[in-house]
Amino acid sequence: MNIAFFLLPKQEVVCVPKSATLRQTLERMEHHRYTAVPILDREGLYVGTVTEGDLLWHMKNNDLSFDQVHKVKLTDVPLRVSNRAVHVDANIRDLISLVKTQNFVPVVDDMNRFIGIVRRSDIIDYCEKNMLAEEASKQHAKFALGQ
């Protein structure tokens with residue numbers, strides 16, 4: 001199955017520009033209540049994913065107060081986790097290993113432009129439905145055989 005079926009399009013994804021400040025990033029994440037968001041450059045390319053932890057560790061390690069974070073560029077914040085992106089032509093199996101460690105998987109097109117994400121919860125829901133359908137099919141087969 002192609003992952004386009006699971007794609008949450010870019011227009012519906014909360015992202016931050018690479019040019020954002022630490023404060024802008026914190027405020028955007030707080031407003032939408034997300035713990036991680038994709039970072040995009042000016043051309044719409046996926047740069048990475050920033051997490052609350054990245055921001056808080058940077059503030060702690062640099063002894064920054066909230067009053068100072070408007071001066072800090074997001075590009076100065078080290079990203080501790082590398083969320084790998086997949087190509088839009090990837091299949092569901094390509095996502096399984098990634099969603100074990102990523103809340104979402106960024107998806108890019110042929111020119112490596114960010115086109116959306118696939119959420120971990122959508123993959124788990126898909127797997128659950130398939131497992132339940134398989135169990136129901138086995139139960140039906142047992143019943144049909146009179147077991």
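All figures in this text were calculated on a predicted structure; none of them were measured in a lab. What you see below is based on every heavy atom in this structure, not just the backbone, and it leaves out hydrogens, waters and symmetry mates.
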(message) Within the 4.5 Å heavy-atom criterion, are Val105 and Arg120 side-chain neighbours or not?
(response) no
(request) Please report the closest heavy-atom contact between Pro38 and Val13, naming both atoms and the distance. (result) CG-CG1, 4.0 Å
(request) Could you check if a side-chain atom of Trp57 sits within less than 4.5 angstrom of a side-chain atom of Lys60, using non-hydrogen atoms only? (result) yes
(message) Would the distance check show the side chain of Gln68 and the main-chain N or O of Ser65 forming a donor-acceptor pair, the cut-off being under 3.5 Å?
(response) yes
(message) To the nearest 0.5 Å, what is the distance between CG on Leu56 and CG on Asn61?
(response) 10.5 Å
(request) Could you please spell out the steps behind the side chain to side chain contact (heavy atoms under 4.5 Å, CB included) verdict for Val50 and His58? (result) CA-CA 11 Å; Val50 63; His58 186 73; over 6 Å; no
(message) Is there a path of hydrophobic side-chain contacts, each under 4.5 Å between heavy atoms, that joins Val16 and Leu45?
(response) no
(request) Decide yes or no for Ile3 and Asp94: does some side-chain heavy atom of the first lie under 4.5 Å from some side-chain heavy atom of the second? (result) no
(request) Would you check, one step at a time, whether the test salt bridge (charged side-chain N to carboxylate O under 4.0 Å, His left out) holds for Arg119 with Asp122? (result) CA-CA 5 Å; Arg119 296 177 289 211; Asp122 293 337; 3.2 Å; yes
(message) Using the rule that Ile, Leu, Val, Met, Phe, Trp and Tyr join whenever any side-chain heavy atoms are under 4.5 Å apart, tell me whether Ile117 and Val86 fall into a single cluster.
(response) no
(message) As an exercise, state the distance from OG1 of Thr49 to CZ of Phe104, rounded to the nearest 0.5 Å.
(response) 4.0 Å
(request) Mark yes when over 12 heavy atoms from residues, nucleotides or ligands other than His31 sit less than 6.0 Å from its NE2; otherwise mark no. (result) no
(request) Could you tell me whether the side chain of Leu22 reaches within less than 4.5 Å of the side chain of Leu55, counting heavy atoms only? (result) yes
(request) Please step through side chain to side chain contact (heavy atoms under 4.5 Å, CB included) for the pair Gln24 and Arg28, ending with a clear verdict. (result) CA-CA 6 Å; Gln24 290 168 327; Arg28 188 165 187 97; over 6 Å; no
(request) Return the orientation label for the Tyr46 and Phe114 ring planes: parallel under 30°, perpendicular over 60°, tilted otherwise. (result) parallel
(message) Please say yes or no: joined through hydrophobic side-chain contacts below 4.5 Å, possibly via intermediate residues, are Val14 and Val47 part of one cluster?
(response) yes
(message) With heavy-atom distances below 4.5 Å as the criterion, would you say the side chains of Thr51 and Arg80 are in contact?
(response) no
(request) Nearest 0.5 Å please: distance from the CZ atom of Arg84 over to the OG1 atom of Thr101. (result) 8.5 Å
(request) Measure across Thr25 and Ala20 and return the closest heavy-atom pair with its distance rounded to 0.1 Å. (result) OG1-CB, 3.8 Å
(message) Once rounded to the nearest 0.5 Å, what's the spacing between atom CG of Leu74 and atom CD1 of Ile39?
(response) 4.5 Å
(request) Examine Leu95 and Leu8 and state if one hydrophobic cluster contains both, with Ile, Leu, Val, Met, Phe, Trp and Tyr joined whenever side-chain heavy atoms are less than 4.5 Å apart. (result) no
(request) Compare every heavy atom of Tyr34 with every heavy atom of Glu52, then report the nearest pair and how far apart it is. (result) OE2-O, 3.9 Å
(message) For the CD atom of Gln102 and the OG atom of Ser97, what is their distance to the nearest 0.5 Å?
(response) 8.5 Å
(request) Using atom types as modelled and distance alone, determine if a side-chain donor or acceptor of Arg113 lies under 3.5 Å from a backbone N or O of Glu43. (result) no
(request) First locate atom CD1 of Ile92, then atom CD1 of Ile123, and finally report the distance between them rounded to the nearest 0.5 Å. (result) 3.5 Å
(request) Work out which heavy atom in His87 is nearest to a heavy atom in Asp110; give both atom names and the distance. (result) NE2-OD1, 2.6 Å
(message) Check for me, please, whether Ile96 and Leu98 land in the same ILVMFWY cluster - side-chain distances under 4.5 Å, paths through other members count.
(response) yes
